[in-house]
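Only one structure is covered here, and it is reproduced in the block below.
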Amino acid sequence: MTADSGPEVLRYTAFSADPAGGNPAGVVLDAGGLDEERMLAIAAELGYSESAFLTERTGEGAYTIRYFSPKAEVPFCGHATVATALALAERDGPGELEFATAAGPVPVTVVREGGELRATLTSVAPRIEEVADADLAEALAALDWLAADLDPELPPRIAYAGARHLVLAAATRERLAELAYDFARLEALMHRLELTTLQLVWREGPEVFHVRDPFPVGGVVEDPATGAAAAAFGAYARELGIVPEASALTLHQGANMGRPGTLTVELRAGDPRVRVSGTGTRIG
């Protein structure tokens, strides 16, 4: 980085090996000289749902990382973590990393499978909480969903694994596909509940789900592939007994946006943390 040229801003997509799929993120591997205002400006200029900035190297494979949407800093972002890990692996080789995030330490392992790099992040300890009836009613109203549109087998909850997400399960794939919501109304509710996204889910099979993530608090209508929400959903599914304690879940996201991606969520017996993995590639 130089004073004249500014930092090098890399562009990666996460959770797809196709540059046209998955969720794009900006990545700055040397952001030590940037203040919050400049990081926010870079994120806003890129226009991706989040961008990641490595502000300090604290040890071998260990870094302090910050995440910014076009509108604000967020405590944790899964797809930008994967994108950053892949960028580091392309520069330094696969291996073990650890990111110090505002939510806590997040280890990441990068391996090469065939010709592709694959990153697996391990979340902070998750937690699940009930949703107040009035807040649920407001979320449904903002989405223009009816209570009858919900799957009774997957009850609404707020789930956390580094960031807070409201999990709402659609009873049909058609309901999930028809996403047209009141941006300002949902944004206001999300700010009040300190939510990062809504994790809208439809269950295709025992361990296969389709998901969509409205993200008005980040200044974008929808996030194409959401690692933080995937981790939160994994914790939710295990806590409610929807899946076995040890499971490997497949989450498909982004198809309705024309940016299909796949997130793998691993749950291990005896470990409350959630592992989220995927491929990715550089854009341009």
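Each residue takes its place number in the sequence, starting with 1.
Considering only heavy atoms from C-beta on, Leu200 comes within 4.5 Å of Trp145 through its side chain. Taking the side chain as every heavy atom from C-beta outward, Val265 and Arg275 never approach each other to under 4.5 Å. Side-chain atoms of Ser247 and Arg238, non-hydrogen and from C-beta on, never get closer than 4.5 Å to each other. Taking 4.5 Å as the limit, some side-chain heavy atom of Asp135 sits within range of a side-chain heavy atom of Leu189. Contact check for Asp30 versus Leu54: no side-chain heavy atoms found under the 4.5 Å cut-off. For the pair Thr264 and Thr120, the minimum side-chain heavy-atom distance is 4.5 Å or more. Using a 4.5 Å heavy-atom cutoff, the side chains of Ser277 and Glu266 are not in contact. Residues Phe209 and Leu176 form no side-chain contact, since every pair of their non-hydrogen atoms from C-beta on lies 4.5 Å or further apart.
Partners of Ala25 by side-chain contact (heavy atoms from CB on, under 4.5 Å), not counting sequence neighbours, listed by chain and number: His79, Ala80, Ala83. With sequence neighbours left out, Glu96 forms a side-chain contact (heavy atoms from CB on, under 4.5 Å) with Thr109. Taking Glu36 as the reference, Arg66, Phe68, Glu73 meet the side-chain contact (heavy atoms from CB on, under 4.5 Å) condition, with sequence neighbours excluded.
Relative ring orientation between Trp202 and His210 is described as tilted, the plane-to-plane angle lying within the 30° to 60° band. Using cut-offs of 30° and 60° on the angle between ring planes, the pair Tyr63 and Phe99 is tilted.
Using a cutoff of 4.0 Å between basic side-chain nitrogens and carboxylate oxygens, Glu187 and Lys71 are scored as salt-bridged. At a threshold of 4.0 Å, the pair Arg173-Glu204 does not count as salt-bridged, since none of the basic side-chain nitrogens sits closer than that to a carboxylate oxygen.
Residues Ala52 and Ile65 share a closest heavy-atom pair of CB-CD1, 3.9 Å. Listed here is the closest heavy atom pair of Ala119 and Val110: CB-CG2, 4.1 Å. What you find for Arg212 and Ala177 is that their closest heavy atoms are NH1-O, 2.8 Å.
Two different hydrophobic clusters hold Val82 and Leu46 under the rule that ILVMFWY side chains link at heavy-atom gaps under 4.5 Å. The hydrophobic clustering, which links ILVMFWY residues whose side-chain heavy atoms are closer than 4.5 Å, places Leu140 and Met190 together. Each of Leu88 and Val28 belongs to its own hydrophobic cluster when Ile, Leu, Val, Met, Phe, Trp and Tyr are linked at side-chain heavy-atom distances under 4.5 angstrom.
Under a 3.5 Å cut-off, the side chain of Arg282 and the backbone N or O of Tyr12 do not form any donor-acceptor pair. For the pair Arg157 (side chain) and Ala159 (backbone), a donor-acceptor distance under 3.5 Å is absent. Although no hydrogens or angles enter the test, the distance criterion places a donor-acceptor pair under 3.5 Å between the side chain of Ser51 and the main chain of Gly26. Formation of a donor-acceptor pair under 3.5 Å by the Gln199 side chain with backbone atoms of Phe233 is not found in this model. In terms of modelled atom types and a separation under 3.5 Å, the side chain of Ser123 and the main chain of Val274 share a donor-acceptor contact. When atom types are taken as modelled, the side chain of Arg175 and the backbone of Glu178 share a donor-acceptor pair closer than 3.5 angstrom. With hydrogens and angles ignored, the 3.5 Å screen pairs no side-chain donor or acceptor of Arg185 with any backbone N or O of Glu138. Of the possible polar contacts, none joining the Arg164 side chain to the Leu195 backbone as a donor-acceptor pair under 3.5 Å is found. For the pair Asp149 (side chain) and Leu146 (backbone), a donor-acceptor distance under 3.5 Å is present.
Interatomic distance, CZ of Arg118 versus CZ of Phe15, reported as 9.0 Å (0.5 Å rounding). Between atom OH of residue Tyr181 and atom CG of residue Leu186 there is a gap of 6.0 Å, rounded to the nearest 0.5 Å.
Checking Asp223 against Ser49 by side-chain atom types alone, a donor-acceptor pair falls below 3.5 Å. Between Tyr67 and Thr81, the side chains place a donor N or O and an acceptor N or O closer than 3.5 Å (distance only, hydrogens not considered). Between Gln253 and Thr226, the side chains place a donor N or O and an acceptor N or O closer than 3.5 Å (distance only, hydrogens not considered).
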